[in-house]
Amino acid sequence: MPSKITAEDEKWMRMAIDIARSKGSDPSTSPLGCVIVRDGAVLGAERNQTQELPDATAHAEMMAIRRACEGIGDMELRGATLYSTLQPCGMCTMASIWSKVGRVVYGAGRGDVHRMYFEDRHINTLDFIADAYRDDIEIAGGCLAAECARLYYGPDDDVPEEQQGNI
C-alpha cells in the first residue's frame with residue numbers, strides 16, 4: 001500500500017543519509033543508511049557493513065532490524081517505520097515483512113542509481129511486498145531521492161567492473 005512522504009519522514013531520512021555518509025563518500029562502498037523509528041524514538045540505526053564484518057547479510061536494513069529487535073527484546077517491530085536511503089533489496093524486503101515493520105520509506109529507487117546496487121534480474125521489491133505475506137505494510141518511495149541518489153553511482157556512470165558488487 002503506497003503512502004505519502006511527510007516532513008517527519010524527511011527528518012528521519014536525513015538521519016539515514018548522515019549514517020550512510022559515516023561510511024565515507026565513495027559510492028563503491030555502497031554507503032547505505034537505515035533508521036527504524038517508532039513513536040518518535042529511534043529503535044535502530046545502522047549503515048551497510050558487508051565488507052567490514054565480512055557478512056553478505058550485513059545490509060543497513062538488516063543491521064538496523066537486528067539492533068531494533070535486540071533493543072526492544074522482541075522480533076516484531078509492529079508500528080515502526082524503516083527508513084532506507086536506497087530501495088530495499090529482496091533480502092531486506094523479506095526481513096521487513098518478517099519483522100512486521102509497519103511502513104518502509106526509501107530514498108533513491110532502482111532507476112535513480114547504477115544497476116550494480118540491485119539484483120540482476122530486476123526483482124521489483126515493491127510488487128513483491130504487495131504480493132507477499134501481509135497486506136498491511138505501507139511503502140513510500142522517493143523521500144529525498146535526489147539527495148540519496150548522490151550517495152551512489154548514477155544509472156549511466158561508467159563503473160569499473162571490479163567495483164560492481166552485484167554484477
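The basis for the numbers below is simple: all heavy atoms, side chains too, and nothing from hydrogens, waters or symmetry mates.
The salt bridge (charged side-chain N to carboxylate O under 4.0 Å, His left out) check on Arg14 picks up Glu147, with sequence neighbours excluded. For Ala68, the side chain to side chain contact (heavy atoms under 4.5 Å, CB included) partners at least two apart in sequence or on another chain are Ile36, Leu43, Leu77. Partners of Ser22 under the side chain to side chain contact (heavy atoms under 4.5 Å, CB included) rule, at least two apart in sequence or in another chain, are Arg47.
One finds the CG atom of Asp26 at 13.0 Å from the OH atom of Tyr152 (value rounded to the nearest 0.5 Å). In this structure, CE in Met94 is found 10.5 Å from CE in Met62, a value given to the nearest 0.5 Å. Atom CD of Glu138 sits about 8.0 Å away from atom OG1 of Thr81, to the nearest 0.5 Å. Rounded to the nearest 0.5 Å, atoms CZ (Arg110) and SG (Cys89) are 10.0 Å apart. Residue Thr57 holds its OG1 atom at 10.5 Å from CD of Gln49, rounded to the nearest 0.5 Å. Note: Ser96 OG to Tyr106 OH = 12.5 Å, rounded to the nearest 0.5 Å.
Between Leu82 and Cys34 the shortest side-chain heavy-atom distance falls below 4.5 Å. Contact check for Asp112 versus Arg150: no side-chain heavy atoms found under the 4.5 Å cut-off. At a threshold of 4.5 Å between non-hydrogen side-chain atoms, the residues Glu46 and Ile65 do not count as touching.
Within the structure, ring-ring contact (aromatic ring centres under 6.0 Å, His included) pairs that include any residue of residues 27-59 do not occur (at least two apart or interchain).
When atom types are taken as modelled, the side chain of Lys23 and the backbone of Leu32 share no donor-acceptor pair closer than 3.5 angstrom. Proximity of a side-chain donor or acceptor of Asp157 to a complementary backbone N or O of Val159 within less than 3.5 Å is not detected.
Taking a 4.5 Å side-chain heavy-atom cut-off between Ile, Leu, Val, Met, Phe, Trp and Tyr, the cluster of Ile17 extends to Ile5, Trp12, Met13, Met15, Ile19, Val35, Val37, Val42, Tyr83, Val105, Leu144. The hydrophobic cluster around Leu53 extends to Met63, counting ILVMFWY residues whose side-chain heavy atoms fall within less than 4.5 Å of a member.
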Exercise. Applying side-chain contact (heavy atoms from CB on, under 4.5 Å), run through Gln51 and Thr29 and close with a yes or a no.
Key: CA-CA 8 Å; Gln51 295 298 323; Thr29 64; over 6 Å; no

Exercise. Give the C-alpha distance, both sets of side-chain angles, the deciding distance and a yes or no for side-chain contact (heavy atoms from CB on, under 4.5 Å) between Thr50 and Ser30.
Key: CA-CA 9 Å; Thr50 55; Ser30 298; 6.0 Å; no

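Considering all non-hydrogen atoms of both residues, Cys148 and Ala108 come closest at CB-N, 3.6 Å. When every heavy atom of Gly33 is checked against every heavy atom of Ala20, the shortest pair comes out as N-CB, 3.4 Å. Closest approach of Gly111 to Pro155, counting heavy atoms only: O-CG, 3.4 Å. Ala145 and Gly107 make their closest contact through CB-O, 3.7 Å (heavy atoms, listed as atom of the first residue, atom of the second, distance). A pairwise comparison of heavy atoms in Glu61 and Cys92 identifies OE1-SG, 3.3 Å as the closest pair.
Classification of Asp9 and Arg103 as a salt-bridged pair holds, one side-chain N sitting under 4.0 Å from a carboxylate O.
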